[in-house]
There are 2 protein chains.
Amino acid sequence: MNAPQPPDDTAPTEVARSTIADVARVAGVSKATVSRFLNHRDKLLSAEIAARVEAAIASLGYSPSPMAQALKRGRSRLIGLVVADITNPFSVAVLRGAEKACQQAGYLVMLFNLGNQSEREREGIEALASYQVEGFILNTLGADPTAAGEVARHGKPAVLVDRRPPGMKADFVSLDNADAVRQAAGHLLANGWREMLYVTEPIKGVSSRVEREAAFRAFIAEQGRAAGGQTLEAGEGDDAALVQALKDWRKRAGRKPVAVIASNAVVTLRVASAVAQLGWQFGTDLGFVGFDDTDWAPLIGPGLSTIAQPTDDLGHVAASCLLERLQGRQLPARQILLPGKLVVRGSSQRAA
Amino acid sequence: MNAPQPPDDTAPTEVARSTIADVARVAGVSKATVSRFLNHRDKLLSAEIAARVEAAIASLGYSPSPMAQALKRGRSRLIGLVVADITNPFSVAVLRGAEKACQQAGYLVMLFNLGNQSEREREGIEALASYQVEGFILNTLGADPTAAGEVARHGKPAVLVDRRPPGMKADFVSLDNADAVRQAAGHLLANGWREMLYVTEPIKGVSSRVEREAAFRAFIAEQGRAAGGQTLEAGEGDDAALVQALKDWRKRAGRKPVAVIASNAVVTLRVASAVAQLGWQFGTDLGFVGFDDTDWAPLIGPGLSTIAQPTDDLGHVAASCLLERLQGRQLPARQILLPGKLVVRGSSQRAA
DNA sequence: TTGTAAGCGTTATCAC
DNA sequence: GTGATAACGCTTACAA
């Protein structure tokens with residue numbers, strides 16, 4: 001304990017970031033000149049000075065502080081991405097697409113994950129806004145209507161993905177839900193499944209859920225007596241209830257071939273689990289199509305048929321929309337619907 | 001073209017964020033006083049003035065700009081998280097844990113996804129550092145050795161998750177790989193599987209892959225003639241090759257019961273797909289344990305046995321380590337190994 | 001073509 | 001206790 005204390009700079013000699021002032025000093029010019037070199041490159045600069053500045057920058061390994069730039073310019077090269085649930089593969093896939101597009105355009109994505117707690121929407125938007133993000137990509141909103149206002153208040157452009165809050169005017173990018181549901185249901189019907197059950201998470205006014213369920217009902221209505229259908233809202237953690245509901249429903253259907261449409265990957269998992277418990281086989285006891293073509297879908301039972309969402313495009317398009325507006329283009333709020341693609345596997349083909 | 005230009009304030013009357021100066025004016029005090037109120041709250045403030053400031057802040061809906069604060073203080077309340085591949089459920093799970101801990105401590109997580117392009121490590125670290133992140137959580141590094149130096153250069157604390165680059169001194173949080181492999185292999189052996197194949201992504205010096213494979217080899221060596229084992233590095237997209245390799249290997253094993261250990265979820269998927277193509281059944285033709293307990297594991301075949309990583313804890317612990325250091329604690333580089341948990345399902349139990 | 005100086009929104013160091 | 005004032009690292013009139 002009495003040993004001479006080594007100098008307590010345990011932190012590995014923190015190399016202070018060099019600033020524009022350092023560069024200026026080394027190059028023997030003013031800060032303004034360096035800044036010009038950075039922002040206007042060739043214009044208004046004598047070759048000799050430009051070279052000196054360039055050398056100084058290189059020798060110091062200087063790069064400008066985005067923070068300071070943001071403070072001064074009011075622009076940050078940051079895009080705020082609010083995601084409902086990072087655990088949802090759909091959200092992640094969209095994120096990936098968006099991120100790629102943003103990075104290509106020189107923007108960095110700042111992520112705020114709601115973890116499905118919609119009451120944190122405002123919080124997320126506030127936090128992001130305070131970092132001067134230039135725009136928002138929102139894969140959430142539905143519950144908290146004030147959050148929409150929150151975005152508007154900042155006057156920053158926003159694009160909505162997948163979910164559209166009640167009265168919000170903004171670009172909207174989403175799967176063409178109506179078409180996708182028709183593809184799924186139509187395919188099942190064509191394969192001889194006569195009685196369908198649409199299983200969804202509790203709808204709770206979430207726009208994509210509303211749209212899909214409505215499309216399902218519309219489809220069934222159109223078919224007259226050719227097909228029957230109903231909707232089941234399955235709450236999380238209610239596994240036993242789902243099993244029971246499926247059993248009852250199939251019994252009621254009598255001898256009609258029955259099929260389930262699952263509204264997303266989470267529901268697919270729950271249904272698959274219930275089906276396993278019941279000892280049923282996809283494709284023989286039960287037809288099935290689920291939304292979201294996950295990489296495990298081919299491996300369950302005879303392979304699960306799915307509606308693949310163009311997630312990468314969704315993210316890419318969302319980012320592009322936003323970037324366009326950031327370039328100052330003034331357009332009315334657009335609504336971009338991308339088609340889903342039916343991937344046929346064993347679960348939707350009658351094997352009995 | 002000659003039409004009178006409408007005033008181009010099409011942007012929805014951008015409500016300028018109110019600044020500390022606004023608050024000062026409204027409250028009839030100086031900026032310094034407002035700042036004191038914000039940072040030192042009660043100390044050194046007369047009740048009357050404090051009340052006035054508080055009222056002004058409330059009425060303006062003021063909140064300080066983190067950017068300006070970061071610029072001034074050199075601290076940003078930001079933590080940089082570099083993730084090898086946001087598509088990997090393991091990475092996402094860790095991210096979730098880390099994010100939760102950070103948010104609780106008042107930090108925001110800034111995410112940089114490498115998309116598996118390890119050559120972008122430097123880039124990511126640079127980008128994050130330029131935003132003055134106070135520390136790093138790195139779920140990557142292995143390939144680019146200069147990236148490690150990059151982190152050190154900034155003198156900011158970092159904690160490594162899952163992968164540890166060659167010569168980097170920093171906190172390290174990871175699954176106890178050696179123990180996990182022994183659990184998996186031991187369990188298979190105990191269930192009568194005599195010949196094992198360890199299937200991994202190309203090892204390429206990635207520490208976690210190296211450790212797991214080494215542990216597997218060590219385990220086999222210890223068993224003497226009680227068990228045989230070999231390793232297969234399966235490159236991505238090489239599906240046909242994997243199928244062939246499995247076939248050959250099983251043939252060579254003769255009548256000995258064979259089992260596969262998959263080094264992570266991605267490999268599990270590839271193996272499951274190959275097994276399906278071969279028409280084999282898990283649990284009868286082939287034993288199986290895979291790393292990472294995904295939510296689809298129970299649904300494939302008779303259920304896939306897995307080693308569940310404590311992902312949430314991993315992320316949480318990583319964040320805690322970092323936060324501790326940010327609080328100024330000087331500790332030697334720690335190494336925290338969390339145990340995995342064997343989840344037994346049908347695939348590892350001999351049904352034949 | 002280049003330099004000077006003001007200011008972005010904060011916080012910290014002084015005086016008063 | 002409170003208020004000027006000078007930074008933090010950068011951009012941008014305005015001068016020269």
Side-chain angles (χ1 to χ4, degrees), chain A residues 14-54 56-57 60-78 126 129-134 154, chain B residues 14-54 56-57 60-78 126 129-134 154:
Chain A
E14 190 151 338
V15 183
R17 263 183 95 78
S18 50
T19 76
I20 200 173
D22 300 327
V23 177
R25 189 164 356 89
V26 170
V29 299
S30 75
K31 292 194 299 176
T33 303
V34 178
S35 178
R36 276 187 208 106
F37 175 84
L38 260 27
N39 299 298
H40 307 291
R41 214 70 191 180
D42 19 45
K43 276 175 76 173
L44 308 175
L45 267 194
S46 74
E48 195 249 345
I49 294 253
R52 288 221 313 264
V53 173
E54 185 153 29
I57 289 181
L60 289 172
Y62 165 81
S63 71
S65 151
M67 287 255 170
Q69 290 181 313
L71 189 60
K72 181 67 202 175
R73 298 175 166 153
R75 294 182 305 133
S76 61
R77 310 248 85 186
L78 237 35
E126 269 307 335
S130 73
Y131 278 97
Q132 305 268 40
V133 298
E134 299 183 30
H154 295 289
Chain B
E14 191 151 335
V15 182
R17 264 183 96 77
S18 50
T19 77
I20 202 174
D22 300 327
V23 177
R25 191 164 355 91
V26 170
V29 299
S30 76
K31 292 194 300 177
T33 302
V34 179
S35 179
R36 272 188 212 107
F37 176 82
L38 260 27
N39 300 297
H40 307 291
R41 214 73 191 180
D42 19 45
K43 277 175 73 175
L44 307 177
L45 266 194
S46 74
E48 195 248 346
I49 294 254
R52 288 221 312 263
V53 173
E54 184 153 29
I57 289 181
L60 289 171
Y62 165 81
S63 71
S65 150
M67 287 256 171
Q69 289 180 314
L71 187 60
K72 182 65 203 175
R73 297 176 167 152
R75 295 182 302 133
S76 62
R77 309 250 84 188
L78 239 34
E126 269 306 336
S130 71
Y131 278 97
Q132 306 266 40
V133 297
E134 299 184 29
H154 295 290

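In what follows, every chain begins at residue 1, and chains take the letters A, B, ... in the order their sequences are listed.
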Legend entry - Value in whole Å for how far the C1' atom of C/dT2 lies from CG of A/Leu45: 9 Å
Legend entry - Side-chain N or O of A/Ser35 closer than 4.0 Å to phosphate OP1/OP2 of D/dT11: yes
Inset, instruction - Would you tell me if any nitrogen or oxygen in the side chain of A/Tyr62 comes within less than 4.0 Å of OP1 or OP2 on D/dC10? - result: yes
Legend entry - Short side-chain N/O contact from A/Gln69 to OP1 or OP2 of D/dT11, under 4.0 Å: yes
Legend entry - Over all atoms of both residues, closest heavy-atom pair of A/Arg17 and A/Asp22: O-OD2, 4.3 Å
Legend entry - A/Gln69 and A/Leu38, any side-chain heavy atoms less than 4.5 Å apart: no
Inset, instruction - Please name the residue in the list A/Asn39, A/Ile49, A/Ile20 that meets the side-chain contact (heavy atoms from CB on, under 4.5 Å) test with A/Val34. - result: A/Ile20
Legend entry - Whole-Å gap separating C1' (D/dT2) and CD1 (B/Ile49): 7 Å
Legend entry - Nearest-angstrom distance from the residue atom OH of A/Tyr131 to P of C/dT10: 13 Å
Legend entry - Any donor-acceptor N/O pair, B/Arg77 side chain to B/Ala70 backbone, under 3.5 Å: no
Legend entry - Euclidean distance, atom CG of residue B/Asn39 to atom P of C/dT10 [Å, nearest integer]: 11 Å
Legend entry - Side chain of B/His40 (C-beta onward), nearest among C/dA12, D/dC10, D/dT2: C/dA12
Legend entry - Whole-Å distance separating the CD atom of B/Gln132 from the P atom of D/dG9: 8 Å
Inset, instruction - Give the rounded distance in Å between these two atoms: CZ of B/Arg25 and P of C/dT10. - result: 13 Å
Inset, instruction - Select from B/Arg73 and B/Arg52 the residue whose nearest nucleotide in DNA chain D is closer to the 5' end of that strand. - result: B/Arg52
Inset, instruction - Ignoring backbone atoms, establish whether B/Ser65 has a side-chain N or O less than 4.0 Å from OP1 or OP2 of C/dG9. - result: no
Inset, instruction - Please report, rounded to the nearest Å, how far the C1' atom of D/dC10 is from the CG atom of A/Asp22. - result: 13 Å
Inset, instruction - May I ask you to test the A/Leu78-B/Tyr131 pair for a side-chain heavy-atom distance under 4.5 Å? - result: yes
Inset, instruction - Classify the side chain of B/Lys31 versus the base of C/dT10 as yes if they form a donor-acceptor pair under 3.5 Å and no if they do not. - result: yes
Inset, instruction - Please check the phosphate of C/dT2 (OP1 and OP2 only) for any side-chain N or O of A/Ser46 closer than 4.0 Å. - result: yes
Inset, instruction - Can you figure out which of C/dT4, C/dA6, D/dC8 approaches the side chain of A/Ala32 most closely? - result: C/dT4
Inset, instruction - Pick base, sugar-phosphate or nothing for A/Ser130, based on heavy-atom distances below 4.0 Å to the nucleic acid. - result: nothing
Inset, instruction - Check every atom of C/dT10, D/dT2, D/dC8 against the side chain of B/Leu71 and return the nucleotide holding the closest atom. - result: D/dC8
Inset, instruction - Find the distance A/Lys72:NZ to D/dT11:C1' and express it as a whole number of Å. - result: 5 Å
